[in-house]
Amino acid sequence: MKLLYGRGPRKNGLIKQFLKDVYWGELDYLVVDAPPGISEEHISIVQLLQVTGIDGAIIVTTPQEVSLIDVRKEVSFCKKVGVPVLGVVENMSGLQQPLTDFRFMKVTEIGEETDVTEWALQYMREKAPEMLDLVVRGEVFDSSKGGAAKMCMEMDVPFLGMVPMDPQLCKAAEEGRSCFADKKCVASAPALKRIIQNLVATWAVETSVDDSA
């Protein structure tokens with residue numbers, strides 16, 4: 001269930017209708033994709049679902065400190081209202097893709113660009129073919145303060161992993177394909193699989209603790 005932006009009572013009424021009046025049938029999971037920050041949506045969802053039991057929250061952030069400031073508030077909110085934090089995911093954790101997917105440019109001092117991709121790839125094929133199998137990573141956001149991993153250590157919540165920016169993942173989403181359906185998402189698919197594995201392991205621990213209590 002993805003929440004759309006609205007205003008005031010109308011927005012809260014829509015959330016209530018989705019959660020109390022809609023017959024969802026037999027569900028293994030009901031996942032609510034909420035907007036960032038702490039807002040009316042989060043309070044309404046907790047109030048409406050707390051009586052049924054909420055398994056927990058997965059919080060998504062980007063690496064830079066301006067995003068982590070909001071995420072710390074979100075973690076504190078979850079702890080205050082008794083919603084377990086199943087883990088934090090660091091999204092857009094650097095740009096990562098196969099070297100052969102890049103375009104190589106020569107740029108002059110006045111900003112004129114010349115595409116030299118074919119020359120560069122051919123040069124590597126002849127001189128260093130092993131380079132063609134490399135995956136290249138570049139930082140997009142400032143993560144010099146430790147990013148989500150450090151924040152999770154400080155706030156004692158599970159860190160589920162990092163998802164890099166992957167143009168192939170964006171393309172798969174635009175085309176309505178699963179990033180796991182083919183081998184094109186070589187940067188993002190393995191990262192997402194690790195996060196799912198970590199989440200399942202964390203959720204199993206939370207469940208066993210609840211059952212033994």
Side-chain angles (χ1 to χ4, degrees), residues 1-5 31 33-37 58-72 74 86-153 158-202:
M1 185 177 100
K2 186 171 180 64
L3 296 179
L4 301 176
Y5 288 90
V31 179
D33 182 5
I58 300 169
I59 300 174
V60 182
T61 183
T62 48
Q64 72 273 40
E65 191 62 24
V66 68
S67 177
L68 292 169
I69 290 171
D70 281 340
V71 168
R72 288 186 180 92
E74 189 79 32
L86 298 179
V88 176
V89 175
E90 185 175 283
N91 194 24
M92 301 185 184
S93 183
L95 174 65
Q96 190 168 314
Q97 63 185 111
L99 177 66
T100 51
D101 285 354
F102 277 92
R103 304 215 52 88
F104 296 84
M105 313 294 293
K106 276 189 175 180
V107 184
T108 66
E109 291 181 357
I110 59 173
E112 293 178 339
E113 298 180 350
T114 304
D115 190 324
V116 294
T117 304
E118 261 321 303
W119 169 82
L121 293 176
Q122 184 59 35
Y123 187 88
M124 283 185 278
R125 289 188 196 103
E126 296 174 358
K127 305 294 184 180
E130 63 275 12
M131 290 184 64
L132 299 174
D133 296 325
L134 294 178
V135 173
V136 180
R137 179 183 177 86
E139 298 302 324
V140 178
F141 298 110
D142 179 20
S143 58
S144 59
K145 294 187 178 180
K150 183 181 178 183
M151 183 210 69
C152 288
M153 288 181 59
F159 178 59
L160 298 176
M162 300 181 292
V163 182
M165 298 175 72
D166 179 1
Q168 290 295 336
L169 177 61
C170 298
K171 186 176 181 181
E174 289 287 338
E175 295 174 355
R177 294 184 291 108
S178 167
C179 68
F180 304 116
D182 52 43
K183 297 182 179 180
K184 294 181 180 179
C185 301
V186 296
S188 55
L192 289 167
K193 286 181 180 178
R194 285 195 300 272
I195 287 170
I196 293 168
Q197 292 166 353
N198 290 338
L199 174 61
V200 170
T202 301

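Going from atom CZ of R72 over to atom CD1 of I59 covers 12.0 Å, rounded to the nearest 0.5 Å. For the atom pair L121 CG and M131 CE, the distance stands at 10.0 Å (nearest 0.5 Å). Atom CE of M105 sits about 6.5 Å away from atom OG1 of T117, to the nearest 0.5 Å. A distance of 8.5 Å separates CZ in F159 from CE in M151, rounded to the nearest 0.5 Å. A distance of 8.5 Å separates OG1 of T61 from CG of D70, quoted to the nearest 0.5 Å. In this structure, the separation between CG on L160 and CD1 on I58 is 6.5 Å, given to the nearest 0.5 Å.
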Side chain to side chain contact (heavy atoms under 4.5 Å, CB included) assessment of F104 paired with M124: CA-CA 12 Å; F104 296 84; M124 283 185 278; 3.9 Å; yes

Stepwise side chain to side chain contact (heavy atoms under 4.5 Å, CB included) test for F180 and I196: CA-CA 12 Å; F180 304 116; I196 293 168; 4.2 Å; yes

From CA spacing to verdict: side chain to side chain contact (heavy atoms under 4.5 Å, CB included), V186, Q168: CA-CA 8 Å; V186 296; Q168 290 295 336; over 6 Å; no

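No donor-acceptor pair under 3.5 Å is formed between the side chain of T62 and the backbone N or O of N91. Of the possible polar contacts, none joining the Q96 side chain to the P164 backbone as a donor-acceptor pair under 3.5 Å is found. Without hydrogens or angle criteria, T108 side chain to E112 main chain gives a donor-acceptor distance under 3.5 Å.
Across every non-hydrogen atom of D166 and S188, the tightest pair is OD2-OG, 2.7 Å. Smallest separation of non-hydrogen atoms from A172 and C185: CB-SG, 4.3 Å. Contact between V88 and A148 at its shortest, heavy atoms only, is CG1-CB, 4.2 Å. Of all the heavy atoms in V163 and A191, the pair that sits closest is CA-CB, 4.4 Å. The two residues P63 and L68 make their nearest non-hydrogen contact at O-CD1, 3.5 Å.
Residue pairs meeting the salt bridge (charged side-chain N to carboxylate O under 4.0 Å, His left out) criterion with at least one partner in residues 184-199, sequence neighbours excluded, are absent. Judged as a salt bridge (charged side-chain N to carboxylate O under 4.0 Å, His left out), the pairs with a partner in residues 130-148 (not counting sequence neighbours) are, in order, R137-E139.
Counted within 6.0 Å of CD on E174, heavy atoms from surrounding residues, nucleotides or ligands total 12 or fewer; the atom is thus considered open.
You'll find the side chain of R103 reaches within 4.5 Å of the side chain of D115, heavy atoms only. Side-chain atoms of P167 and L95, non-hydrogen and from C-beta on, do get closer than 4.5 Å to each other.
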